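First the structure, in the form of structure tokens, and then the observations on it.
Order of listing sets the numbers, starting from 1, for every ligand and every atom in it. Keep in mind it's a predicted model, so treat the numbers as computed, not measured.
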Amino acid sequence: MTTLFDPVKFGDIQLANRIVMAPLTRNRSPKAIPNDLNAAYYEQRASAGLLITEGTPVTQQGQGYADVPGLYLPEAVAGWKKVTDAVHKKGGKIVTQIWHVGRVSHVSLQPNGAAPVAPSAIPAGGKTYIIDENGNGAFAETSAPRALEIAEISGIVADYAKGARAAIDAGFDGVEIHGANGYLIDQFLKDGANQRTDEYGGSIENRVRFALEVVDAVAKEIGAGRVGIRLSPVTPANGITESQPQAVFNHLIKELGSRGLSFIHVIEGATGGDRDFTQGGKPFNYQELKDIYRKAGGSGAWLVNNGYDKAAAEQAVESGYADAVAFGKLFIANPDLVERFQTNAELNELDKATLYGGGAKGYTDYPNLDTAA
Ligand SMILES: C=C(C(=O)O)c1ccccc1
């Protein structure tokens with residue numbers, strides 16, 4: 001019987017175990033440049049089967065929060081090299097999550113203070129994290145977006161491919177395309193954010209077009225076996241809504257089945273919240289989604305996430321439903337989560353006050369079993 005501690009292949013990427021660190025924004029890379037503290041943080045967690053870094057914008061236009069690391073400056077690629085070198089020296093594997101926030105941004109973060117872009121001029125609502133006029137981190141309402149002109153879209157698709165190339169140049173083992181949590185790709189997928197009347201809006205076939213163009217461009221650039229995608233069919237994150245999520249994601253996953261991807265990463269329920277949350281008036285069927293993917297020829301690893309503990313993760317893998325499980329908050333507080341699971345050791349408590357922004361406190365100062373002894 002397969003267990004969490006057995007190796008697994010994510011396309012071209014070989015994992016030593018099936019315990020994955022989920023992407024986690026931590027806002028500790030001033031000027032969007034990864035630094036030595038970031039390298040230490042990821043190195044501490046290198047025993048994961050796979051590290052998926054925090055969301056990494058492919059352009060400044062794709063940046064939605066202050067102090068997140070990017071992939072669009074040469075200094076940032078050099079900064080990421082420190083991270084990948086440190087993780088690889090520990091025998092770890094690491095991919096970066098390539099990201100464009102779309103409407104979830106603020107004019108102070110955008111090139112020339114411009115409006116954020118989106119499929120349609122529909123605000124996300126909610127807040128984002130900026131650096132205020134006094135140089136302090138602060139939460140601010142997201143700015144009203146403008147609708148992308150159709151002529152702009154191919155350029156953004158190319159930006160993802162450039163970002164993926166930069167990721168490989170920075171030493172990453174691959175990329176995860178951020179297609180979840182109400183950001184740009186999710187905005188195109190869902191009818192609450194996408195009310196376009198051209199070939200990128202209206203029908204389900206049109207609304208998945210942008211996601212598939214990004215997948216194809218990134219796979220062409222770095223090889224499909226190094227490309228995963230994160231999806232969140234029913235999350236309400238960042239004000240996103242969809243009236244028929246099962247139909248949208250069944251169609252998308254069928255299209256992804258023929259593309260030879262490394263992995264499919266699915267957030268079940270509301271991101272960071274209720275696993276049973278749904279949209280469209282009926283429960284979402286995740287098993288159906290996976291079955292359609294496999295039936296369509298999808299051989300990528302099936303990675304699940306959101307609120308799993310060790311027992312639930314073991315059940316998901318041992319039953320054959322999931323190939324691996326991603327853990328977010330547990331990896332923040334437990335750098336050696338794999339060893340703690342293996343030895344049934346007590347887990348560190350998460351300090352919620354230090355999740356975003358700041359320095360080593362609540363970032364690189366969580367004890368591992370050796371230091372705690
Ligand atoms: C990248 C994020 C996501 O996917 O939700 C994110 C961004 C800011 C805070 C928490 C999470």
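Using the six-membered ring where Trp is involved, F327 and F331 have ring planes that are perpendicular, over 60° apart on the 30 and 60° scheme.
With sequence neighbours excluded, the residues that form a salt bridge (Lys or Arg N to Asp or Glu O under 4.0 Å) with R259 are D216, E255. Remark: K329 engages no residue in a salt bridge (Lys or Arg N to Asp or Glu O under 4.0 Å) (not counting sequence neighbours). For D85, the salt bridge (Lys or Arg N to Asp or Glu O under 4.0 Å) criterion is met by K81, not counting sequence neighbours.
Taking 4.0 Å as the cut-off between side-chain N and carboxylate O, R26 and E54 do not count as a salt-bridged pair.
Geometrically, R275 engages Y308 in a cation-pi contact, judged by NZ or CZ lying under 6.0 Å from the ring centre and within 45° of the ring axis.
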Please tabulate, line by line, the atom pairs linking an N/O of ligand 1 to a protein N/O at a distance below 3.5 Å, with the distance in Å to 0.1, or answer 'none'.
residue: ligand 1; atom: 4 (O); partner: H178; partner atom: NE2; Å: 2.8
residue: ligand 1; atom: 4 (O); partner: N181; partner atom: ND2; Å: 2.9
residue: ligand 1; atom: 5 (O); partner: N181; partner atom: ND2; Å: 3.2

